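Everything quoted here is computed from the prediction, not taken from an experiment.
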Amino acid sequence: MIDEKIIYNANTLFFYHTLIILGVLLAFAVLLHMLYHRRTPSSIIAWVLSIILIPYIAIFLYFIIGSRKRKNRYKKSSLVLKNQTTDKNIQNSIDGVLRNYGIADAAKNREFKLLFDTVETYNELLNCIKGAKKSIYLSVYIVEYDRVTKEFLKALIKKAKEGVEIKILIDSLGSISLYLLQHRLKELREAKAEVEFFMPLFEMPFRNYINLRNHRKIYIFDNEKVLSGGANLSHEYLGATQNKKQWEDIMFLIKGSSVEQFFEIFASDWFYASQKKLKFKQHEKEVEGDIFLQVVPSGPDMDKDTLYEVLLSAIYGAKEKIYIITPYFIPNHALIQALIIAHHKGVDVKLITPKEANHIVVNLVRSSYMRELEEAGIKIYLYNGAMLHAKAILFDDNCVVLGSVNFDNRSLFLNYEVATFVYNDEVIKKVKDWSDKLISNSSFGTKRVSDMRRVFENMMRILAPQL
């Protein structure tokens, strides 16, 4: 008779061998998938290391959050914006490169207003809601249910009862508390306003790639004006009174041809979330202005990484200065090298970022990148005020890039984003003056740390492709 202990040991050995072989096969399948989809070397290294350290957990996470531009029946359709102008004059080399990538030409707009102040942004948004006569379309990443947003909800409910068409698109992960407690939206929905959550977390899990979030901020009123930029809806971003804890941010108001392009982006996202089509209704013939803007969507619904590649091209093409204002600075190797090369060419490269970001992991990961730039001679300014959430990139005196895009891997490769390239001397000067104001309230350079801290910060780069 065979010893039961021998049988048990043999079965256990067979089980573990099977588990190991299965793990190796799955890991090989993941590697082939990454190579087939031409994932970046840093991303491949990060996932391979994760699979080695936590194999089955990492493999499971890869198939949940690891892909971004995958093709299947649940994929959001590709977004292509139509041209809004017959003027084919290229503004500069950046505009030319964008056109070559298939981005719509720079459109003429009659008004562009920058909003740097939280109270001014609050009043502008509230006035736009109260003044709307036909439609209000809002797309936002974070909506908190606090004293500030309650005022907006109250105004939206009133407009809905007046018969104004209201459609609100909210990211389900960015606004997780509101997504889980949707009874807070009951009165708004009862007033006939439509509210949809982008990629709802608990519906059709294979459709919902939790890593691909809608980070766009688009507020459209009567198809005549649009507010966009970096601000979400909560007391951190805006309010009726000044508060030292409110974050620094940039929003802007557009009236002109570019409004329709923002509408196209919103309509595409709305259709994906609701399966309902929207058609642009222009109430009056648009009057052309002299402010040239180029609206550039970015994300999984774009066939190429156009925004990333154009930013890289603009860095190499800069002749005098590059100012980067961003809350989260976690670039890839190519962007770091481009900035260092620009500096060695004599370009004045400045990075303005918060002294302390609002996420401890971000603080740890970004430090090694900032030190690398600093050691190459690039100027690093750490803003001392409240959290700096603004996003702006200034290239010479030719162009400023505004919108929802951070200078990090998540914004450039994973999120649904929208950037606005502005070709206007007055706007560029105002952003330059504001950046100088930020610098005057900033500490120069990073602080010295121990060798062990530096080693740890460099190790944290493994997380960079997913942050």
Requested in this report: Start with the C-alpha distance between L233 and Y219, add both sets of side-chain angles, then the distance that settles side-chain contact (heavy atoms from CB on, under 4.5 Å), and finish with yes or no.
Outcome: CA-CA 11 Å; L233 299 182; Y219 311 118; 3.9 Å; yes

Going from [atom1] on [X] to [atom2] on [Y], what distance comes out if it is rounded to the nearest 0.5 angstrom?
| X | Y | atom1 | atom2 | result |
| --- | --- | --- | --- | --- |
| T326 | I393 | OG1 | CD1 | 7.5 Å |
| I220 | F280 | CD1 | CZ | 8.0 Å |
| K281 | N223 | NZ | CG | 9.0 Å |
| S368 | R371 | OG | CZ | 8.5 Å |
| N332 | Y308 | CG | OH | 4.0 Å |
| D408 | R366 | CG | CZ | 12.0 Å |

If only atom types and distance count, is the side chain of [X] paired as donor or acceptor with the main-chain N or O of [Y] below 3.5 Å?
| X | Y | result |
| --- | --- | --- |
| S258 | K108 | no |
| D95 | L98 | no |
| S139 | I218 | no |
| K217 | H215 | yes |
| N243 | T241 | no |
| N409 | I330 | yes |
| D146 | S234 | no |
| Y179 | L201 | yes |
| S228 | G403 | no |
| S135 | E165 | no |

Query raised in the report: How about Y328 and F407: are their ring centroids closer than 6.0 Å?
Result: no

Flag the pair [X] / [Y] as yes when at least one side-chain heavy-atom distance between them is below 4.5 Å, and no otherwise.
| X | Y | value |
| --- | --- | --- |
| F421 | I103 | no |
| I428 | V422 | no |
| T353 | L388 | no |
| L173 | F197 | no |
| K113 | K225 | no |
| L339 | L351 | no |
| V401 | K391 | no |
| D249 | T121 | no |

[X] side chain to [Y] side chain, donor-acceptor N/O pair below 3.5 angstrom:
| X | Y | answer |
| --- | --- | --- |
| T446 | E374 | yes |
| R110 | S257 | no |
| Y272 | D301 | no |
| T118 | Q246 | yes |

Might you point out which heavy atoms bring [X] and [Y] nearest each other, and give the distance in Å?
| X | Y | result |
| --- | --- | --- |
| W270 | K276 | CD1-O, 3.4 Å |
| Y369 | P331 | CE2-O, 3.4 Å |
| A318 | V347 | O-CG2, 3.3 Å |
| A392 | L402 | CB-CD2, 3.6 Å |
| F198 | L212 | CE2-O, 4.4 Å |
| F292 | A106 | CD2-O, 3.8 Å |

Query - Atom NZ of K321: over 12 foreign heavy atoms under 6.0 Å - result: yes

Query raised in the report: Counting only heavy atoms not in K133, do more than 12 sit closer than 6.0 Å to its NZ atom?
Result: no

Query raised in the report: Where do N406 and E417 land on the side chain to side chain donor-acceptor pair (under 3.5 Å) test, with the steps shown first?
Result: CA-CA 9 Å; N406 300 310; E417 305 277 7; 5.3 Å; no

In terms of the angle between their ring planes, are [X] and [Y] parallel, tilted or perpendicular, with boundaries placed at 30° and 60°?
| X | Y | value |
| --- | --- | --- |
| Y137 | F263 | tilted |
| Y237 | H389 | perpendicular |
| F152 | Y122 | tilted |

Report task. Start with the C-alpha distance between D171 and R213, add both sets of side-chain angles, then the distance that settles salt bridge (charged side-chain N to carboxylate O under 4.0 Å, His left out), and finish with yes or no. Result -> CA-CA 7 Å; D171 188 82; R213 308 317 312 175; 3.1 Å; yes

Query raised in the report: With E111, which residues qualify under side-chain hydrogen bond (donor to acceptor under 3.5 Å, both in side chains), at least two apart?
Result: none

Requested in this report: Evaluate side-chain contact (heavy atoms from CB on, under 4.5 Å) for E372 paired with I340, printing each intermediate quantity in order.
Outcome: CA-CA 9 Å; E372 186 175 351; I340 291 172; 4.3 Å; yes

Should [X] and [Y] count as an ion pair when the cut-off is N to O under 4.0 Å?
| X | Y | value |
| --- | --- | --- |
| K429 | D425 | no |
| K430 | E426 | yes |
| K319 | D396 | no |

Query - Reference residue F266; test side-chain contact (heavy atoms from CB on, under 4.5 Å); the match among K167, R216, Q261 - result: K167

Requested in this report: Decide side-chain contact (heavy atoms from CB on, under 4.5 Å) for Y145 and L153; before the verdict, give the C-alpha distance in whole Å, the side-chain angles of both, and the deciding distance to 0.1 Å.
Outcome: CA-CA 9 Å; Y145 192 70; L153 288 174; 3.7 Å; yes

**Report entry** Criterion side-chain contact (heavy atoms from CB on, under 4.5 Å) on I315 and F395, from CA distance to verdict
**Finding:** CA-CA 8 Å; I315 291 170; F395 293 109; 3.9 Å; yes

